[in-house]
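Here's the structure, in structure tokens; my notes come after.
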Protein chains: 2
Amino acid sequence: MSQAETKIKIIRAAEELFAVNGFHHTSLRSITAKAGVNLAAVNYHFGSKEALLEAVFDQHLLPLNEIRAGRMRGVAGQAAKNRRKPQLEEVLRSFIEPTLALMLRDAETGHFRMLVGRSLTDPDETVRRLFLDKVNAVLQQLFQLLCLALPQSSPASVAWKTHFAMGAMGHILCLQGPAAFFGAVEEDKSVDEIMEMLINFIVRGMEA
Amino acid sequence: MSQAETKIKIIRAAEELFAVNGFHHTSLRSITAKAGVNLAAVNYHFGSKEALLEAVFDQHLLPLNEIRAGRMRGVAGQAAKNRRKPQLEEVLRSFIEPTLALMLRDAETGHFRMLVGRSLTDPDETVRRLFLDKVNAVLQQLFQLLCLALPQSSPASVAWKTHFAMGAMGHILCLQGPAAFFGAVEEDKSVDEIMEMLINFIVRGMEA
DNA sequence: AGGTGTTTAAAACAACTGTTTGAAAGAGGC
DNA sequence: GCCTCTTTCAAACAGTTGTTTTAAACACCT
């Protein structure tokens, strides 16, 4: 088995187990068993359990950050060229659409969705820091753009509204399988419908 | 030392450590060390670590649930008496105000705030279930009331909007200390200002 | 083929976990 | 005083964790 194969098998297994059981609740033994590799392979290929988590993050987050940053630059550029402020909905779409497209649309990354949702508020400081460092730059970019889109709001207000928005988005990423929290009523919505509802919810909320 | 004293000292120490480090990252040894009691005291007085977590939840959640349920019944009763639908903002206030009043106002329970915020999406199924079982009834009550307040929305839509709202509220409960995420701009807001912003955000979002 | 560097394998390591034990100390009634 | 019940204590238990170690297997080049 080639080096790349083993690493990929480990990452795949780790992604699922980290997402479902959490980082700390997942043992290297369960990862390597699921991946069909030897226990020592993780430390050989990645160095440590924590470095493995970082590899899982990077695999999806690095490309996603590229896309989000690109779209946000596009929105900012268009606004600057036309000498007007960026549209609130445009700004939010440039961040949310790529995020949820990756997280919700693709069945393959369904597990990664939960991992991201929980990493925002993981009880473990290590996990939180690792994740936040990966997305900090793009979050700052989003905040700057929102300040331009909402010139009548103070930066402090925009900051809190951004927190509300992140909370709303992050929470639905955490939901397990068919989310039957309030009866079974949530199920009869498509992913796109949910995303449109979320964007609408946040736009109206931020305009307030 | 009386039995009650020891139990209270353990609960206090556990509340803080569970909130800051998470349930699984907190060892019984660190709890008993902080509380100044013997290691075996937890299992003697509570039976298990999990039962201790439940005791921490109950101490704050049982009274809080009473208050929330009472206020929501009040709103529902007034609406029924006047033969009109309940006001959306009234409904949300009856749930959010008691919650945030307990969580944010009281410095003593600042730790419990984080514990609640994280329990909603804790990676550990045990913690999540334990918490959700404690708040499930009042969440269902909230959902029913929101359906009445938003008759033009389908139950499925209301369910998702409720998820968004819970996410926004839960997320700000998780924030650590002075939340300096986007510069240091979040700090110059009082707790009441934040709560009003949050209610406003959710009301507008749900009306959409 | 032979040698070289990389990858796997099983076992052991040291540290930590929640829980249990059995004896010691304490409290309260008579 | 003594007796009984409750509470504390230090020690040990059994299990799991991430990480190392040492040797074997493999792949690849000359």
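Just so we're on the same page: letters track the sequence lines, and every chain starts at 1. Because the structure is a prediction, the values reported are computed rather than measured.
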Compute whether any side-chain donor of one residue and acceptor of the other, for B:T121 and B:R128, lie under 3.5 angstrom apart. no
Distance in angstrom units between [X] [atom1] and [N] [atom2], rounded:
{"X": "A:K49", "N": "D:dT16", "atom1": "NZ", "atom2": "C1'", "result": "11 Å"}
{"X": "A:L39", "N": "D:dT16", "atom1": "CG", "atom2": "P", "result": "14 Å"}
{"X": "A:N21", "N": "D:dT17", "atom1": "CG", "atom2": "C1'", "result": "15 Å"}
{"X": "B:H45", "N": "D:dT6", "atom1": "NE2", "atom2": "P", "result": "12 Å"}
{"X": "A:Y44", "N": "C:dT7", "atom1": "OH", "atom2": "C1'", "result": "5 Å"}
{"X": "B:I10", "N": "D:dC9", "atom1": "CD1", "atom2": "C1'", "result": "13 Å"}
{"X": "A:L28", "N": "D:dG18", "atom1": "CG", "atom2": "P", "result": "4 Å"}
{"X": "B:H24", "N": "D:dT16", "atom1": "NE2", "atom2": "C1'", "result": "12 Å"}

Could you please name the option among [options] that lies closest to any side-chain atom of [X]?
{"X": "B:S27", "options": "C:dT17, C:dT20, C:dA10", "result": "C:dT17"}
{"X": "A:T6", "options": "C:dT21, C:dA10, C:dT8", "result": "C:dT8"}
{"X": "B:R29", "options": "D:dT20, D:dT7, C:dG18", "result": "C:dG18"}

Between B:E196 and B:R93 (salt bridge meaning N to carboxylate O under 4.0 Å), is one present in this structure? yes
How would you label the contact of [X] with the nucleic acid (heavy atoms, under 4.0 Å): base, sugar-phosphate, or nothing?
{"X": "A:T32", "value": "nothing"}
{"X": "A:A41", "value": "nothing"}
{"X": "A:S30", "value": "nothing"}

Looking only at non-hydrogen atoms, find the nearest pair between B:S154 and A:K189 and report the distance. OG-NZ, 4.2 Å
Cation over ring face, A:K161 and B:F201, 6.0 Å, 45°: no
For the residue pair A:F131 and A:F57, does the interplanar ring angle fall in the parallel (under 30°), tilted (30 to 60°) or perpendicular (over 60°) class? tilted
